[in-house]
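Read the structure below first, then the notes.
So that the names make sense, note that chain A is the first sequence line, chain B the second, and so on, each numbered from 1.
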Number of protein chains: 2
Amino acid sequence: MKSEKISELTTNRLSVYLRCLNTLAAAGIRTVSSRSLADQFRLNSAQIRKDLAQFGEFGTRGVGYSVEDLREHLTKILGLDRARRVAVVGAGRLGGALADYDGFRASNFAVVALFDTDAEKIGRSMGEARVRVYDAREIARVVREERIDVGVIAVPARAAQGVLNQLMSAGVKAVLNFAPAPLHARPGVKVRNVDLTISLESLSYHLASPRAANVTNPRNVLTYEEGPRRDRQRAARKQLRKETP
Amino acid sequence: MKSEKISELTTNRLSVYLRCLNTLAAAGIRTVSSRSLADQFRLNSAQIRKDLAQFGEFGTRGVGYSVEDLREHLTKILGLDRARRVAVVGAGRLGGALADYDGFRASNFAVVALFDTDAEKIGRSMGEARVRVYDAREIARVVREERIDVGVIAVPARAAQGVLNQLMSAGVKAVLNFAPAPLHARPGVKVRNVDLTISLESLSYHLASPRAANVTNPRNVLTYEEGPRRDRQRAARKQLRKETP
DNA sequence: CTCTGTGAAGTCATTCACAGCG
DNA sequence: CGCTGTGAATGACTTCACAGAG
């Protein structure tokens, strides 16, 4: 274990590993090797070991990893053991959908406030969770009073930077941005973009490009098309060995 | 220009460039150099030139690129000149929000069908666009009849692979997946994942990691924190030159 | 003998730096 | 001159391959 900088690619994968472990745990599996994990979920075993090794020595040589132990470690590393309080700015269609989004709960996030500029919406409650809608001019106050950890930007692109500035001033250190605009964050503030426009246009390119297929997947993308890359050769070899006595 | 494989990282950036050009065009700017584009939008000028050069020689040496020309080229390259027909599978909160999502229209996509398994919803129309909800068992028929190009998966994780299989069988070649599950696509089918769980947990890591900041941004992420990297030194130098006569 | 943890090798992406066109 | 287009250099991330623990 070396305490160097951790790439976001790594944290993304930790999240994936945790999800895989949850599946295994639900199936009653108690121990797993990096290879079997890789084979089952189409990952690369060396990558798994390297990623985990950055945070400690969680495995047992000759055996593998304890599913339950590793789950706890990853939960702690990702900070999912602590509940987070989320504010969604923009109480439109998307903001409303997010206020009720179950995925938040599963990761120990709770949406506790909505913000909007529309006088019609301010003061009401939205969604099944009955989340209160505040005046967007009160972001500073509410963020402090409600001890908000995470901001979600679900406003039109032109308003996004202003909202981010207000969130940052109020001390929010982590923001999920749905606006199709490249935001400028001050150091120490993490902004994660979910840009559907880019995703759609990338799909469009795929449809447009003659005879398709002339697109390579970058490393960071967790899509599992058929094909080599990752532990498949090894898996095949192992299979073969078993069959030939 | 060489007709090699194009990385998804490149197509993502083309999307960004197009967005930047739209801003410039709206401001009445008719010509732009890669450097000025880079300076204004915090990109790297060499990257811009390299990305564009993969598709042709669109610039004029000594001058730069025509904003209007380049817009048209990028629109064509990304396939945004052709209208796409979208089906959203899963008419829950998210599916409903997507059916009305304006970002689709802006990229020449139109949501023309929703699917669900809930008998309550089937046969009704949802959202302001009054999109019809079909029985999910009819995906094959409706995709053909409505000439669907793009599928959107907005169902629970456990149902996602089955939906993808149906979409693929019906001939859909591009899919946007919101389910937090790694899907397995056959070759030639492009699946783009929007995994909010991973995004959230990555933010959580940032909050949890002691004194934060020990996270590096991977290449693919278009976030613009303060700092070096990209053309900033050059920009500074140019500025300086202007000031000292 | 199996499996982890890790240096070394390999692959892919970005940035530099400059020849040469306009 | 300024700017594009591009090989060459650098940097980032992944995969290989193996020493050594259990």
Side-chain angles (χ1 to χ4, degrees), chain A residues 1-2 4-13 31-39 42-66 69-70 73 215-222 228-235 237-238 241-242, chain B residues 1-2 4-13 16-17 31-39 42-66 69-70 73 215-222 228-235 237-238 241-242:
Chain A
M1 165 178 180
K2 344 178 194 177
E4 306 213 343
K5 302 239 180 287
I6 304 298
S7 158
E8 192 168 300
L9 294 171
T10 307
T11 65
N12 289 353
R13 282 190 302 264
T31 292
V32 71
S33 71
S34 60
R35 178 115 118 229
S36 108
L37 200 58
D39 290 351
R42 310 181 152 249
L43 308 166
N44 176 296
S45 60
Q47 180 113 70
I48 295 172
R49 293 197 297 280
K50 256 213 163 132
D51 286 340
L52 297 178
Q54 292 196 67
F55 297 93
E57 307 212 349
F58 303 136
T60 312
R61 287 157 198 246
V63 180
Y65 303 88
S66 150
D69 272 18
L70 198 48
H73 275 120
V215 194
T216 47
N217 271 354
R219 290 191 270 283
N220 80 83
V221 168
L222 304 161
R229 199 190 193 189
R230 302 166 194 270
D231 280 58
R232 330 213 82 238
Q233 313 85 331
R234 283 169 178 275
R237 239 183 281 151
K238 187 180 178 185
R241 226 182 304 152
K242 270 187 189 153
Chain B
M1 166 181 182
K2 346 178 194 179
E4 306 209 344
K5 301 240 182 287
I6 304 298
S7 159
E8 193 169 298
L9 294 172
T10 307
T11 64
N12 289 352
R13 283 191 301 262
V16 171
Y17 302 156
T31 292
V32 71
S33 71
S34 61
R35 177 116 117 231
S36 107
L37 200 58
D39 290 350
R42 310 180 152 249
L43 309 166
N44 176 297
S45 60
Q47 180 110 71
I48 295 172
R49 293 197 298 277
K50 222 161 210 178
D51 286 340
L52 297 178
Q54 292 194 68
F55 297 93
E57 308 210 347
F58 303 136
T60 311
R61 288 158 197 245
V63 180
Y65 302 89
S66 149
D69 271 18
L70 198 49
H73 275 119
V215 193
T216 48
N217 272 353
R219 291 191 269 286
N220 79 84
V221 169
L222 303 162
R229 200 189 190 187
R230 301 164 196 269
D231 278 62
R232 330 214 82 240
Q233 313 84 332
R234 282 170 179 275
R237 240 185 281 151
K238 187 180 176 185
R241 225 182 305 150
K242 269 189 190 153

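Atom-to-atom, CG of A:Leu37 to P of C:dG5 comes out at 13 Å; the value is rounded to the nearest Å. Atom CG in A:Asp51 sits roughly 10 Å away from atom C1' in D:dC13 (whole-Å rounding). For the pair A:Glu8 CD and D:dA12 C1', the computed distance is 15 Å after rounding to whole Å. When rounded to the nearest whole Å, the span between CZ of A:Phe55 and C1' of C:dG5 equals 15 Å. Spacing between atom CD of B:Gln47 and atom P of D:dC3 amounts to 19 Å, rounded to whole angstrom units. Residue B:Tyr17 contributes atom OH, which lies 13 Å from atom P of D:dT4 at whole-angstrom precision. Distance B:Ile6 CD1 to C:dA13 C1': 13 Å, rounded to the nearest Å. The interatomic distance linking B:Arg35 (CZ) with C:dC16 (P) rounds to 11 Å, in whole Å.
Residue A:Glu8 holds its CD atom at 5.5 Å from CG of A:Asn12, rounded to the nearest 0.5 Å. Distance OG/B:Ser34 to NZ/B:Lys50: 13.0 Å, rounded to 0.5 Å. Between atom CD of residue A:Gln54 and atom OG1 of residue A:Thr11 there is a gap of 10.5 Å, rounded to the nearest 0.5 Å.
Residue side chain A:Lys50 does not reach the base of D:dT14 through any donor-acceptor N/O pair under 3.5 Å, judged by distance alone.
Of the side-chain N and O atoms in A:Ser34, one or more sit less than 4.0 angstrom from OP1 or OP2 of C:dT4. Residue A:Arg13 places at least one side-chain N or O closer than 4.0 Å to OP1 or OP2 of D:dT14. Distances shorter than 4.0 Å separate none of the side-chain N or O atoms of B:Tyr65 from OP1 or OP2 on D:dG2.
B:Leu52 places a side-chain heavy atom less than 4.5 Å from the side chain of B:Leu70. Between B:Phe58 and B:Asp69 there is no side-chain heavy-atom pair separated by less than 4.5 Å.
In this structure B:Tyr65 satisfies the side-chain hydrogen bond (donor to acceptor under 3.5 Å, both in side chains) test with no other residue, sequence neighbours excluded.
Which of C:dA13, D:dT4, D:dT14 sits closest to the side chain of B:Leu9 comes down to C:dA13. Here the nucleotide nearest the side chain of A:Arg49, chosen from C:dC18, C:dA13, D:dC18, is D:dC18. You'll find that the side chain of B:Asn44 is closest to C:dC16, out of C:dC16, D:dT15, C:dT4. The nucleotide whose nearest atom lies closest to any side-chain atom of B:Ala53 is, among D:dG5, D:dC3, D:dC18, D:dG5.
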For nucleotides 19-21 of chain D, which of its nitrogen or oxygen atoms have a protein nitrogen or oxygen under 3.5 Å away, and what is each distance?
unit_1, atom_1, unit_2, atom_2, d
D:dG20, N2, A:Arg61, NH1, 3.4

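When each of A:Thr60 and A:Thr10 is assigned the nucleotide of DNA chain D with its nearest heavy atom, A:Thr10 is the one assigned upstream, toward the 5' end.
Closest of all the heavy-atom pairs between B:Ile48 and B:Ala38 is CD1-N, 3.9 Å.
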